[in-house]
A.B. asks: 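Dumping the structure here so I can ask a few things about it.
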Amino acid sequence: MSIETKIQEALAEINRGSAEIIDDKAIEKLVRDFYENGNNYFVKAGFDPTAPDLHLGHTVLLQKLATFQKYGGIVQFLVGDFTATIGDPTGKSATRKVLTREEIEQNISSYTTQAFKILDKSKTEVVYNNDWLGKLSASDMINLTSFLTVARMLERDDFSKRFKANIPISTSEFTYPLLQGYDSVYLKSDIEIGGTDQKFNLLMGRTLQKSYGVGKQQAVLMMPILEGLDGVNKMSKSLNNYIGVTDAPNDMFGKILSISDELMWRYYELLSDKSLESIKGLKDGVADKSLHPKKIKDMLAMEIVDRFHGNGKGGEARDEFAKIFAQKKIPTDLDEYQLEYNMGIIDALVYCKLVPTNSQARRDIKAGAVKIDQEKVTDEKMRLSRGEFVLQKGKKNFVKIIVK
RNA sequence: GGUGGGUUACUCAAGUGGCCAACGAGGGCGGAUUGUAAAUCCGCUGACUACGUCUUCGAAGGUUCGAAUCCUUCACCCACCA
């Protein structure tokens with residue numbers, strides 16, 4: 001294969017799934033330089049160490065970084081610890097808790113362990129922006145702010161919308177894009193990638209690199225925001241519509257299967273390793289009814305479970321799933337709880353964490369959602385007899401109880 | 001700093017002295033149906049020692065037999081003016 005073909009292939013892979021690329025010529029140049037002269041380049045991406053758990057939304061970005069690593073990119077895995085220690089003032093989350101140094105350390109280590117399931121560790125530099133931002137003096141800060149006008153700041157969609165809608169904008173929020181841009185100055189990044197919602201901040205890196213005379217301006221690649229399980233909001237932990245990379249295989253499988261058919265294609269595009277052509281083939285198959293959508297969703301779920309839990313785990317999860325839902329059997333691995341003989345059913349439900357409160361337990365019993373060994377419980381005053389049972393709430397929640 | 005408006009449950013949003021644990025919508029949970037999809041239909045959605053009791057309507061006091069509703073102070077937010 002000629003170098004030219006390789007370069008074109010690399011560029012196609014880099015481009016895949018991206019929402020927008022600014023200065024694709026620059027990217028081409030970097031990749032070309034890698035293939036022709038073996039020179040590497042820096043790809044920066046920022047991560048917020050406040051939430052220690054990665055979900056699939058984060059992996060969209062990580063996968064893109066991994067792609068760059070294949071084609072000569074050295075990843076600058078930027079940990080935004082400076083921001084985390086002073087707290088993010090964004091709009092309504094103004095009271096967000098400020099993390100201690102230890103908490104941040106802990107989050108970061110759990111974060112990077114997860115990230116290295118996707119990233120090549122040997123081509124990744126983990127950097128902390130507190131190392132340089134923490135040293136900026138007041139005059140450095142003022143110098144930094146002098147490069148941008150308020151009018152420019154208000155160009156940011158988020159800001160202008162809030163400004164028009166009379167939603168408060170704290171002055172300190174203006175400094176965030178500046179600091180993020182300054183990171184690119186300090187790191188001399190060649191490319192920065194982020195979500196589309198980050199566009200303004202990503203571009204700030206270009207602007208400031210020019211202002212500070214870095215000698216280059218980073219290219220910017222934006223990935224679309226992955227929708228969560230509801231298909232509407234972005235995937236996030238706080239909305240509880242996420243699939244965590246550490247979710248158990250069965251949970252992961254189940255969650256993916258519960259997404260809508262429409263969203264499934266989105267996930268294929270952004271998360272699957274399948275080529276674009278084969279995805280198109282699947283789509284056509286569903287359109288002409290030669291393929292059942294459920295089947296396609298199974299495949300996606302298996303692929304993702306395999307990625308995070310190891311080959312073969314996806315298939316196991318599928319079989320387990322079929323057992324539970326198609327054949328209405330009980331799952332194999334259940335949490336076990338030891339209970340006292342004669343305990344009331346309501347207490348048992350709360351104790352096993354199937355419901356948060358007694359009131360909720362009563363409601364669920366009334367609604368016919370509670371079952372013991374597949375047998376519907378109708379009397380909320382019922383007491384447990386001795387033995388081993390499977391206690392169930394709704395379709396998805398099972399525990400094993402051992403009554404002594 | 002001045003003037004005016006606002007703060008109700010997960011969110012939006014009714015309620016201006018008793019009929020208020022608080023209308024409605026969204027969300028969530030559960031049931032039927034299904035492919036744990038979509039769509040549709042139905043029920044539930046403060047807590048508890050549960051035909052009763054307790055705690056909620058920004059916070060603290062007060063008036064009243066009785067307050068989310070009236071009064072006082074405080075906090076926060078918004079608009080206009082400076």
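FYI, side chains are in, hydrogens and waters are out, and symmetry mates aren't considered; it's all heavy atoms of this structure. Naming: A, B, ... by sequence-line order, numbering from 1 per chain.
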A.B. asks: Is a donor-acceptor contact shorter than 3.5 angstrom present between the side chain of A/Lys366 and the base of B/U45?
C.D. replies: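 Under the 3.5 Å cut-off, the side chain and the base do not form any donor-acceptor pair.
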
A.B. asks: Rounded to whole Å, how long is the line connecting atom CG of A/Asn241 with atom C1' of B/G27?
C.D. replies: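 After rounding, the gap between these two atoms is 12 Å.
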
A.B. asks: Can you check nucleotides 46-48 of chain B for protein contacts, nitrogen or oxygen pairs under 3.5 Å, and list what you find?
C.D. replies:
from  : atom 1 : to       : atom 2 : distance (Å)
B/A47 : OP1    : A/Thr357 : OG1    : 3.3
B/A47 : OP2    : A/Arg363 : NH2    : 2.3
B/C48 : OP1    : A/Asn358 : N      : 3.2
B/C48 : OP2    : A/Asn358 : N      : 3.3
B/C48 : OP2    : A/Ser359 : N      : 2.7
B/C48 : OP2    : A/Ser359 : OG     : 2.6

A.B. asks: Distance check needed: B/U34 P versus A/Lys395 NZ, whole Å only.
C.D. replies: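 Nearest whole value for this atom pair: 10 Å.
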
A.B. asks: Using a cutoff of under 3.5 Å, can you pull out all pairs of nitrogen or oxygen atoms linking the protein to nucleotides 52-55 of chain B, with atom names and distances?
C.D. replies:
none

A.B. asks: Using 30° and 60° as the class limits, which term best fits the ring planes of A/Tyr337 and A/Tyr351: parallel, tilted or perpendicular?
C.D. replies: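 Correct class here is perpendicular.
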
A.B. asks: Scan every strand shown for a Watson-Crick or G-U wobble partner of B/C51, both distances under 3.5 Å, and answer none if you come up empty.
C.D. replies: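 Checking every strand shown, B/C51 finds no partner, since no pair has both distances under 3.5 Å.
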
A.B. asks: Looking at B/G27, I'd like to know if its phosphate oxygens (OP1 or OP2) sit under 4.0 Å from a side-chain N or O belonging to A/Asn233.
C.D. replies: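 Answer is no, no contact under 4.0 Å.
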
A.B. asks: Please give the distance between the C1' atoms of B/U49 and B/A60 as a whole number of Å.
C.D. replies: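 So the two C1' atoms sit 32 Å from each other.
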
A.B. asks: Which whole-number value in Å describes the distance from A/His292 NE2 to B/U34 C1'?
C.D. replies: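 To the nearest whole Å, that distance equals 10 Å.
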
A.B. asks: Mind checking what makes side chain to side chain donor-acceptor pair (under 3.5 Å) contact with A/Glu303, not counting sequence neighbours?
C.D. replies: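 A/Ser272, A/Arg307.
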
A.B. asks: Could you say whether A/Glu380 or A/Gly254 is positioned toward the 5' end of RNA chain B, judged by the nucleotide with the nearest heavy atom to each?
C.D. replies: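 Checking each residue's closest nucleotide, the 5'-ward one belongs to A/Gly254.
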
A.B. asks: Compare the minimum distances between each of B/A37, B/G31, B/C29 and the side chain of A/Ser260, then state the nucleotide with the smallest one.
C.D. replies: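 Looking only at heavy atoms from C-beta outward on A/Ser260, the closest nucleotide is B/A37.
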
A.B. asks: B/G2 and B/U11: how far apart are their C1' atoms, nearest whole angstrom?
C.D. replies: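 Result for the C1' pair: 35 Å, nearest Å.
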
A.B. asks: Can you tell me how far P in B/G28 sits from the matching atom in B/A37, rounded to whole Å?
C.D. replies: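 Straight-line distance between the two P atoms is 13 Å.
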
A.B. asks: Rounding to an integer number of angstrom, what distance separates B/G6 and B/A32 when you compare their P atoms?
C.D. replies: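 Roughly 48 Å separates the two P atoms.
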
A.B. asks: Pairs in or reaching into residues 137-153 of chain A: which pass salt bridge (charged side-chain N to carboxylate O under 4.0 Å, His left out), with residues at least two apart or in two chains?
C.D. replies: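 Of all non-adjacent pairs touching residues 137-153 of chain A, those that pass salt bridge (charged side-chain N to carboxylate O under 4.0 Å, His left out) are A/Arg152-A/Glu155.
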
A.B. asks: Residues two or more places apart in sequence or in another chain: which of them pass ring pair (Phe, Tyr, Trp, His ring centres under 6.0 Å) with A/Phe68?
C.D. replies: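 Applying ring pair (Phe, Tyr, Trp, His ring centres under 6.0 Å) to A/Phe68 gives none.
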
A.B. asks: In the structure shown, which nucleotide is the Watson-Crick or G-U wobble counterpart of B/A13, with both distances under 3.5 Å?
C.D. replies: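 Partner of B/A13: none found under 3.5 Å.
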
A.B. asks: Let me know the distance between CD1 of A/Ile296 and C1' of B/G35, rounded to the nearest Å.
C.D. replies: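 Distance, rounded to whole Å: 12 Å.
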
A.B. asks: Could you tell me the Watson-Crick or G-U partner of B/A75, where both distances fall under 3.5 Å? Say none if there is no partner.
C.D. replies: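 Because both required distances fall under 3.5 Å, B/A75 counts as paired with B/U7.
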
A.B. asks: Using Watson-Crick or G-U wobble geometry with both distances under 3.5 Å, which nucleotide pairs with B/C29?
C.D. replies: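 Across any shown strand, B/C29 pairs with B/G43.
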
A.B. asks: With sequence neighbours left out, write down each residue that passes side chain to side chain donor-acceptor pair (under 3.5 Å) with A/Arg318, or none if nothing qualifies.
C.D. replies: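 Checked A/Arg318 against side chain to side chain donor-acceptor pair (under 3.5 Å); zero matches.
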
A.B. asks: A/Asn397 near the nucleic acid: base, sugar-phosphate alone, or nothing, with a heavy-atom cut-off under 4.0 Å?
C.D. replies: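 Counting heavy atoms under 4.0 Å across all strands, the contact made by A/Asn397 is with sugar-phosphate only.
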
A.B. asks: Name the nucleic acid region contacted by A/Leu263, choosing base, sugar-phosphate or nothing; use a 4.0 angstrom heavy-atom cut-off, strictly under.
C.D. replies: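 Nothing, no nucleic acid heavy atom in range.
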
A.B. asks: Could you check A/Leu300, A/Ile296, A/Leu270 and say which one makes a side chain to side chain contact (heavy atoms under 4.5 Å, CB included) with A/Trp265?
C.D. replies: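 Going through the options one by one, the only one that passes is A/Ile296.
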
A.B. asks: Just checking, any donor-acceptor pair under 3.5 angstrom between side chains of A/Ser137 and A/Ser139?
C.D. replies: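 Present: a donor and an acceptor within the cut-off.
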
A.B. asks: Side chains of residues 199-209 of chain A: which donor-acceptor pairs under 3.5 Å do they make with residues two or more places apart or in other chains?
C.D. replies:
from     : atom 1 : to       : atom 2 : distance (Å)
A/Lys199 : NZ     : A/Glu20  : OE1    : 3.1
A/Lys199 : NZ     : A/Glu20  : OE2    : 3.1
A/Asn201 : OD1    : A/Arg156 : NH1    : 2.9
A/Asn201 : ND2    : A/Gln180 : OE1    : 3.2
A/Arg206 : NH1    : A/Asp23  : OD2    : 3.4
A/Arg206 : NH1    : A/Gln218 : O      : 2.7
A/Thr207 : OG1    : A/Leu203 : O      : 3.2
A/Gln209 : OE1    : A/Gln218 : N      : 2.6
A/Gln209 : NE2    : A/Ser184 : O      : 3.1
A/Gln209 : NE2    : A/Ser189 : O      : 3.1

A.B. asks: Taking the C1' atom in each of B/G15 and B/C20, what is the distance between them to the nearest angstrom?
C.D. replies: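 Approximately 9 Å lies between the C1' atom of B/G15 and that of B/C20.
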
A.B. asks: If pairing requires Watson-Crick or G-U wobble contacts with both distances under 3.5 Å, which nucleotide is the partner of B/C80?
C.D. replies: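 Pairing partner: B/G2.
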
A.B. asks: Please give, in whole Å, the distance from B/A37 P to A/Trp265 CH2?
C.D. replies: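 Rounding to the nearest Å, CH2 of A/Trp265 and P of B/A37 are 17 Å apart.
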
A.B. asks: Using a cut-off of 4.0 Å on non-hydrogen atoms, how would the nucleic acid contact of A/Lys297 be classed: base, sugar-phosphate, or nothing?
C.D. replies: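 Base: the residue A/Lys297, judged by heavy atoms under 4.0 Å, touches a nucleobase.
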
A.B. asks: Given that both distances must come in under 3.5 Å, which nucleotide forms a Watson-Crick or G-U wobble pair with B/G66?
C.D. replies: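 Answer to the pairing question: none, since B/G66 forms no Watson-Crick or G-U pair.
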
A.B. asks: Rounded to whole angstroms, how far apart are CG on A/Leu300 and P on B/G35?
C.D. replies: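 Atom CG in A/Leu300 sits about 20 Å away from atom P in B/G35.
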
A.B. asks: Could you list the residues that satisfy ring pair (Phe, Tyr, Trp, His ring centres under 6.0 Å) with A/His55, not counting sequence neighbours?
C.D. replies: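 Counting only residues at least two positions away or on another chain, A/His55 forms a ring pair (Phe, Tyr, Trp, His ring centres under 6.0 Å) with A/His58.
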
A.B. asks: Go through the structure and list residues passing ring pair (Phe, Tyr, Trp, His ring centres under 6.0 Å) with A/Tyr242, not counting sequence neighbours.
C.D. replies: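 Once residues adjacent in sequence are excluded, A/Tyr242 has no partner under the ring pair (Phe, Tyr, Trp, His ring centres under 6.0 Å) criterion.
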
A.B. asks: With sequence neighbours left out, write down each residue that passes side chain to side chain donor-acceptor pair (under 3.5 Å) with A/Lys280, or none if nothing qualifies.
C.D. replies: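 For A/Lys280 the side chain to side chain donor-acceptor pair (under 3.5 Å) partners, ignoring immediate neighbours, are A/Asp284.
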
A.B. asks: Figure out the NZ/C1' separation between A/Lys289 and B/A37, and round it to whole Å.
C.D. replies: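 These atoms are roughly 15 Å apart.
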
A.B. asks: Does the side chain of A/Val399 reach to within under 4.5 Å of the side chain of A/Leu334, using non-hydrogen atoms?
C.D. replies: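 No. Closest side-chain heavy atoms not under 4.5 Å.
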
A.B. asks: Applying ring pair (Phe, Tyr, Trp, His ring centres under 6.0 Å), can you list everything that pairs with A/Phe147, at least two apart in sequence or on another chain?
C.D. replies: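 Testing A/Phe147 for ring pair (Phe, Tyr, Trp, His ring centres under 6.0 Å), a comparison that skips the adjacent residues, returns A/Tyr212.
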
A.B. asks: Rounding to an integer number of angstrom, what distance separates B/U16 and B/U69 when you compare their C1' atoms?
C.D. replies: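 So the two C1' atoms sit 5 Å from each other.
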
A.B. asks: Roughly, in whole Å, what's the span from CD1 in A/Ile365 to C1' in B/G43?
C.D. replies: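 Result: 16 Å.
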
A.B. asks: Taking only heavy atoms on the protein side, list every residue of residues 334-353 of chain A lying under 4.0 Å from any atom of RNA chain B, sorted numerically.
C.D. replies: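 Listed by number, there are none.
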
A.B. asks: Would you mind telling me which residue lines up with the more 5' stretch of RNA chain B, A/Gly394 or A/Pro293, judged by nearest nucleotide?
C.D. replies: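 So the residue in question is A/Gly394.
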
A.B. asks: C1' atom, B/U34 versus B/C57: distance in rounded Å?
C.D. replies: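 Per the computed distance, 41 Å lies between those C1' atoms.
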
A.B. asks: Tell me whether the side-chain N or O atoms of A/Asp261 pair up with the base of B/G35 as donor and acceptor below 3.5 Å, since no angle test is needed here.
C.D. replies: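 Flag set: donor-acceptor pair detected.
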
A.B. asks: Work out how far the C1' atom of B/A22 is from that of B/A47, and round it to whole angstrom.
C.D. replies: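 The same atom, C1', in both gives a distance of 16 Å.
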
A.B. asks: Can A/Ser110 and A/Gln114 be counted as having a side-chain donor-acceptor contact under 3.5 angstrom?
C.D. replies: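 Their side chains do contain a donor-acceptor pair, which is all the 3.5 Å distance test asks for.
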
